[in-house]
Structures are given as structure tokens and as C-alpha cells.
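Taking it in order: structure first as C-alpha cells, then the write-up.
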There are 4 protein chains.
Amino acid sequence: MSDQEWIKELINDTEDTVISEKQQKILAAAIDTFSEKGFAASSTSEIAKKAGVAEGTIFRHYKTKKELLLAIVTPTMAKFAAPFFIKTFAKEVFEKEYEHYEDFLRMIAKNRLEFVKKHFSVLKIFIQEIAFHDELREPYQKLFNEHVYGKFKKIIEHFQEKGEIIDLPPETIIRMSASSIIGYILPRFILFPNQEWDDDKEIEHIVEFVMYGLSGKR
Amino acid sequence: MSDQEWIKELINDTEDTVISEKQQKILAAAIDTFSEKGFAASSTSEIAKKAGVAEGTIFRHYKTKKELLLAIVTPTMAKFAAPFFIKTFAKEVFEKEYEHYEDFLRMIAKNRLEFVKKHFSVLKIFIQEIAFHDELREPYQKLFNEHVYGKFKKIIEHFQEKGEIIDLPPETIIRMSASSIIGYILPRFILFPNQEWDDDKEIEHIVEFVMYGLSGKR
Amino acid sequence: MSDQEWIKELINDTEDTVISEKQQKILAAAIDTFSEKGFAASSTSEIAKKAGVAEGTIFRHYKTKKELLLAIVTPTMAKFAAPFFIKTFAKEVFEKEYEHYEDFLRMIAKNRLEFVKKHFSVLKIFIQEIAFHDELREPYQKLFNEHVYGKFKKIIEHFQEKGEIIDLPPETIIRMSASSIIGYILPRFILFPNQEWDDDKEIEHIVEFVMYGLSGKR
Amino acid sequence: MSDQEWIKELINDTEDTVISEKQQKILAAAIDTFSEKGFAASSTSEIAKKAGVAEGTIFRHYKTKKELLLAIVTPTMAKFAAPFFIKTFAKEVFEKEYEHYEDFLRMIAKNRLEFVKKHFSVLKIFIQEIAFHDELREPYQKLFNEHVYGKFKKIIEHFQEKGEIIDLPPETIIRMSASSIIGYILPRFILFPNQEWDDDKEIEHIVEFVMYGLSGKR
DNA sequence: TATGAATGAGACTTCATTCAT
DNA sequence: GATGAATGAAGTCTCATTCAT
């Protein structure tokens, strides 16, 4: 399963809704502004100016400012969770492609890092605003609980049975795996984005760390 | 070195500046509102109402809304970083109290978790707003770079020499240690705060994970 | 050279900037209010009410209250100084139309008095506020120094050479001529505006006074 | 009649009202602020700070901000008009000291110029605010009409009878005399206060001008 | 469909004034 | 008498949203 396949899936999800050129400009301007100043501190008039459209045009496409936020965040988050929805996802993990948890972890890390690189602005908006809008929190909490967590859990149990990974509750394992990746993404993109980063090497460190820990004992 | 000692230090830092009762009400109301709605989406009139004071009273104490934000966030963050400034901090790690990195890690984890429990609202505000206000980001970036990172590095090198921990760049070790802790705090307080959490047990998992990794090979 | 010509010049200067009906109402209401209460004591809410528009409408057209002040005062003052900028101004004085300083003075007096009658409110605002706003003072000081004073000086020297007027420094002559006119305008429009005034007769007195003084000896 | 006598008169007018040191500081600070920013744009809190007193202290001495304005302006204006109230004023003009209108004019000019120099700030405040406060305009209009104008008129008629000055209505003569002096004061103190001014020479010019006009023919 | 002028509610902030200490 | 914290009305200005064109 390659990047390409996912992306196709994702694009198909939203491509049926045709988006006019003006709408695209509005979305781009809104992403820019929201991610720079935050949703509440961004004004629709500034977005309109940046998009090169009239103030009223925004409201022709999106009834309210919040609807504009959702229009930005929703499809991107759907894409973010998309891999876990692919029918073949778990099967492939079990059967062939990812013989070890390590491989699986490496794949997820690389893959989602790539995604973050591409969609960083929108993710930033999402993370900022999820705290304040139930419309954002609820569907993604549900989505995570019902789909992502479920599949993940199966995969982890699979590798636990194989004796590859320790016997902790799956949510703990998920948390530790995920937080190690996120713990790289945060400084990488937010705290010190201007520093030079060798992503491949760092991912190896992360995988190594997660798998073998900090213990000097190998 | 115990909690008590730190707390004393912290309190002394700010207790000389006497705070009137109304001021305290304003601060409490502001923390409440900011952490619930975010800084930009909170109105001073709402804060005033919640604090039971006239709106003008807020501005007698804090020239601007942003100054109110800083008045909330700055001392709390100073307290958060405070342990790392205590003169005895590194010495105690090296000499006696924390013979192993594990002990040190456990202490930090417990200790800062305690702090987060107590000051969660303010920390949430800080995390939310640091992305948008240079006045917040810069001093803490500097503080971290100049003080926290330096001491941490020495400690890590110390345990690396002892062969207790792996030979990765210190910032990578820090990142992994910290993100494992943060990776617990985030779901613990933000995503699923209503769930039951056995903090002591979870910290043991974290420490174990960080020290020995997920690898089944012990 | 007649009033008509000047006025055309002036109107052309600003007529290309089209002003909407609401804008005109706002300007009229602002002139009214500023001249009655002074700039600082006038509130935008009162102006809005008087203009019959929403308060926000004022700020759509003029970013700040001060910009509204400048929008009122600047073009009027430009018009006030306009006669001195007409290409033919000095030539006509020298060559034919105003053979004597007296004629020139009478023309200026009548002409500018007419202007004051028409634009008294705005001039009052200007005079009141010039003391407090550098943005007002500086351009007009410069304008006066560079253009009005220069032309005036040449004209005065011309009549001094002809032996028509006394040999004092041109700025003194200007001051005395001007203050005699202003010394009429002030009581005429500010101190006792309700009294009956025979402008033509008074201007004759002024001209006579400026030329021959109060001495009974002719 | 000398300066000294007038000044004594004036001082006696107000010296019975004892003024505390704090009050003096308040008055000085208020004069400073009002004359720099205008009455409406000055805040009592700024005045209090400049005076080194608490905000409330101002209101202990002056019930309202406007009362503070009046406390500043009223005695100064009384002093300004004072010469005209001295019992001997007109008599001395008629009988001996000022044999010619010219002498009288010179004396007034010098004398009031001196006064303006000393009390410029307050006069500026007065001139600015008289347009907006009936409490200021009315008493001084009355005072001028009843006392100053009356005496002035007598003096002028006296010199008209002697054939020293032209036969224009007294108010016209007053206006022309006064405006010639004011026409010096304005640029002297407001427009170009930083320039070098030879007051004595300029006053001679003014007197000469008022008496003999600008005509070169003597 | 797009525009942008207009709106009015509400934002932050200032200020003259009061009053308990 | 002096203070300065507190007030709340009012000030300037912003903003999401509407609607006639």
C-alpha cells in the first residue's frame, strides 16, 4: 500500500464537491490567517482581503465564520484518519507487509510525518480549536474511538501475541507510540522549525527508542 | 528535595507583590474564562461579570487584556520551570538522591504531574496562547535553552557515562523522556479527563517504557 | 480674475473623489458637532446619530476619528490657500488688475471674507485644532512659508519700489495687513455674530486704515 | 501709574483666598496639561500624576473638572482686564501721562504684551475654551462691554475731539488698535515662538502703523 | 454569482467622580 | 485633608453578517 493509494482515496472523498476558484482562494486565505492568528482573532474581512474577494462573498459560500472553519478542518482530519479506514489496512499488517511492530511503526511514523509536513497549517488550526468547539471534538473523538483505536488495538494484540511487544494495555502502547512520534513533530514543526532536521535519521531513533528503550542493555 | 521546598521557593518569588482580593477574583475569573474559551474569544466584560467587579476595575489593575493574560501565565510558567533553577538540583542528582536515571525520571514525572494537576487551567492557557504571542514564546524559549536544557544535558551525559542510558544526542533523550510524560498528560487531562486514572501506576509504565522500551527482550 | 475661476479650480481639486450621500451626511454632521463642541469633546456616536447612520458606518469611511477631522479640514484649508497658487495670481497684480496695493488688499479682503462666510464652521475647527495636532500644523506652516509668503513678498516689494507703501520688512507688512482683516473677522463671526454688519463699508474702513492709519492728519 | 500698582491690585483680588501647596501644584499641572492638550483632551488622572497628588485630591478642592478650568482661567482673565478697572486709569490718560493716543497705545501694547508673556499658557486655555463654555464667554463679554469698552470709548472720543485720530466709530478704532497688537502676539507666541523677536522695535512698528498706516506718503 | 456599503451588537479602554479608609 | 481603589457610563473602534445592486 503506497502513499498514492491513500491520496486517491482521500481526494475522491471530497472531489465530487466541486470547489470554485474563489472558494479555493477563500479557503487558502482562511487557512493562512487562522493558523497564524487563531480562529477567534482572525477577521473575515482580513481573510476576504487576502483572498482577493469581497467580504460578502465568503458568506455566500459559508454561512458563518465557524462553518468556514469546519470546511477547512473537517476534510483534512478525515484525510488524516483515512489510512485506518482502508479496508485492507489491518489485513496487510497482519499478513505480509509489516512483519514486525517495528516496521509498522516506522511506516506510520514516516507516513504521518509526510502528512503533517503537507498539512501543517490545518493541523495546527485543528489542534488549537478542538479545545473550544464541540463540533470538532465530538466527531473526531468518536471516529478515533470507533475506528482508529479498534484497528490499532487489534494490531497491537497481534504483536503482543507474537511476543514482540510488552504486555501493557493497548491504549498505553498506543499512547507511548503516538506520543513518541508527536514528541518529535512538536519541536520539529512548532518550536524550532528553522533548525535543520534529518527526518529519516530521527525516525530511526524514535523507532529504536520505542522498540528498545533508553536502556543501555540491548 | 521535596515538593514543599520548591513550593516555598515559588511562593517567595511572588508573594512580596501583594494582591488584593478583587485582583484575585479577577485573576480567577480570567483563568476560568481564558481556559474555557481561549484568550481571543473571552471578553473582558464576561470576566468582570464572573469576578463580580466592574469592567473598569480590571483595567485599573491590568492596563490591557493582554497584560492580564501575562499576569496569569508568567508566574505560573516561572513556577513550572522553577525546580530546574534550584541550586541543589543538579548536585542532588549527581551525588545521592537519584542514583539512576530512572529515579530521576520518576521524580520529575510525579512532581510535574502534580503541578499540572494543580495548575492545569493556566497551563492550558499557556499552551494555547504561546503560538500567537511573541511575548510568551520568546522568554520561555530562552529560559529553556539557557537553563533547563543545560542542566538536563549534564544530567543525561552523567548517566550516559555511567552506561545507564543509550548514546543518543541529549536533545533526543530529552525529547523522548519529555514526550512520554506529555503523552500521558494530554489524554489524561484534555482528551479523557473524566476517565479514571491511576496516576502512580501509569507513571510506573512510563518510566518502565522509557527505560526499557517496548521491546520484549529484557 | 473672479471668484468663479477660483472656485472651479478648487472644486476640480476634489471633485474627482466621489463622495457618497452617507459620507456627505457624516461630514456635515461632523462639521456641525466639531465646530460646536470642539473635536475632543465630540463623540462619534453623536455624529452618527446626527448624520442618521450607524456608528460603524463612520469608521467604514474614516478609519479613525482623527481621520474624519482631517477629511474635513484638509480640503477646506487647501481651498483657502488656493488663490495664491493660481498661476496668474502675481502677474495680474503686477501688470494690470491691481494697480495699487490698496486695490490688491481690497480684493483679498473681500474675497477671503466671502470664503470665511461660506466655510466658517470648518475654519473654526481648523483654528481650534491646529494648536493640538501636528498633522494639521506642519503642512500648513510649510505651505504658507513656501508658497503664500513668497508670492506675497514679491507683491509687497513691488509696491514698495513704486513708493506706495512704507519700507518695513515684508513679513511685518503682511502681518499688519492680515491682522487687520482677521481683526474684523473675529468679532464679525465669533464674538458678535448676531450683530448687523455692513461688510462692504467695514472693508473700506479696513483698507483705509491699513493704508493711512488712524492719524487724523492726511 | 506703574506696573507695580496694577499687580498689587490684582494680587489683592485673590490673595485673601489662601491656596494650599497641593492646590498650587494641581493648578500648575492643570495649566500645563490643558494648554498642551486642550481641556477636553486632558484627563484628571494625568493632571493628578503631574501634580504628584492622588486622583481624589483634585476633587476635594474642585468639585468637577470644569470647576478646575474656571479656577485657572477666571482670576487670570480678571487680571488681564484689571488695568481698565483702576479708578485712576481714564483720568490719568486724560490729564497728564498720555498726552497722545500714540503714547497710550504704546503703553497698552507694552503692558499687555508683558502680561501675555507671563501668562501665556492660561490665555491660550482661555482663548481655546471660550468658544465652548458659556460660563467663560458670558462674564467676559459682559465685563468687556460694560467696563473695558466704555472706558476705551471715552479715551478714543477724547483723542478724536483733539483731532488726533480719525473719525471712525469707536469700536472700529478699538478693533483696529487691538487687532494690530494681537496680530503681533499670535505669530510671536504661537506660530513662530522660537524665532528671535525684538519686542520693543516691533511695538514701535505697530504704533507707527496704527497711527500712520502703510502709506509711504507721510 | 459577486459585491461592498451598511449595520448594530459588542469589543476593549478611558474617565470623571465617589467613598471607605 | 488626602488617598487610591472602585465604579459604570461613555468613548472609540471592530466585526460577523445582511442585502440591494
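Each chain gets a letter, A, B and so on, in the order its sequence line appears, and its residues count up from 1.
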Option among D:Q24, D:Q23, D:K25 that satisfies the side chain to side chain contact (heavy atoms under 4.5 Å, CB included) test with D:E21:
D:K25
Is a donor from one side chain sitting under 3.5 angstrom from an acceptor on the other, for D:E55 and D:S45?
no
Between D:T57, D:I72, D:L27, which is the residue that forms a side chain to side chain contact (heavy atoms under 4.5 Å, CB included) with D:Y62?
D:L27
Could you tell me how far apart B:F34 (CZ) and E:dC12 (C1') are, to the nearest whole angstrom?
12 Å
Judged by nearest nucleotide, the residue sitting upstream toward the 5' end of DNA chain F, C:F59 or A:F39, is C:F59
Where does DNA chain E form stems of at least three consecutive Watson-Crick or G-U wobble pairs, each pair having both distances below 3.5 Å?
E:2-21 with F:2-21
Can you name the one residue among A:L69, A:T33, A:T76 that meets side chain to side chain contact (heavy atoms under 4.5 Å, CB included) with A:I125?
A:L69
E:dG4 P sits how many Å from A:K49 NZ, rounded?
13 Å
Assess the pair C:Y140 and C:F126: is the distance between their ring centroids shorter than 6.0 Å?
yes
Can you tell me how the ring of A:F39 sits relative to the ring of A:F34, calling it parallel under 30°, perpendicular over 60° and tilted otherwise?
perpendicular
What one-letter contact string describes nucleotides 3-11 of chain F from 5' to 3', where B marks a base within less than 4.0 Å of any protein heavy atom, S marks contact via sugar-phosphate atoms alone, and - marks no contact?
BBBBBB--S
Nearest-Å distance for atom pair OH/P, residues D:Y62 and F:dG1
13 Å
For residues B:I47 and B:L68, determine if any side-chain heavy atom of one lies less than 4.5 Å from a side-chain heavy atom of the other.
yes
Rounded to whole angstrom units, what separation is found between the CD atom of C:E67 and the C1' atom of F:dC13?
13 Å
Residues in side-chain hydrogen bond (donor to acceptor under 3.5 Å, both in side chains) contact with B:E138, at least two apart in sequence or another chain:
none
How close or far is atom P of E:dC19 from atom NZ of D:K63, stated in whole angstroms?
14 Å
Between CG of A:L69 and P of F:dC15 the distance, given in whole Å, is 17 Å
Rounded off to whole Å, could you give me the CD1-to-P distance for the A:I47 and F:dT17 pair?
11 Å
Nearest-Å distance, CG (D:L68) to P (E:dT17)?
10 Å
Does the pair C:H133 and C:K66 meet the rule for a side chain to side chain donor-acceptor pair (under 3.5 Å), with working shown?
CA-CA 9 Å; C:H133 310 275; C:K66 191 171 228 163; 3.2 Å; yes
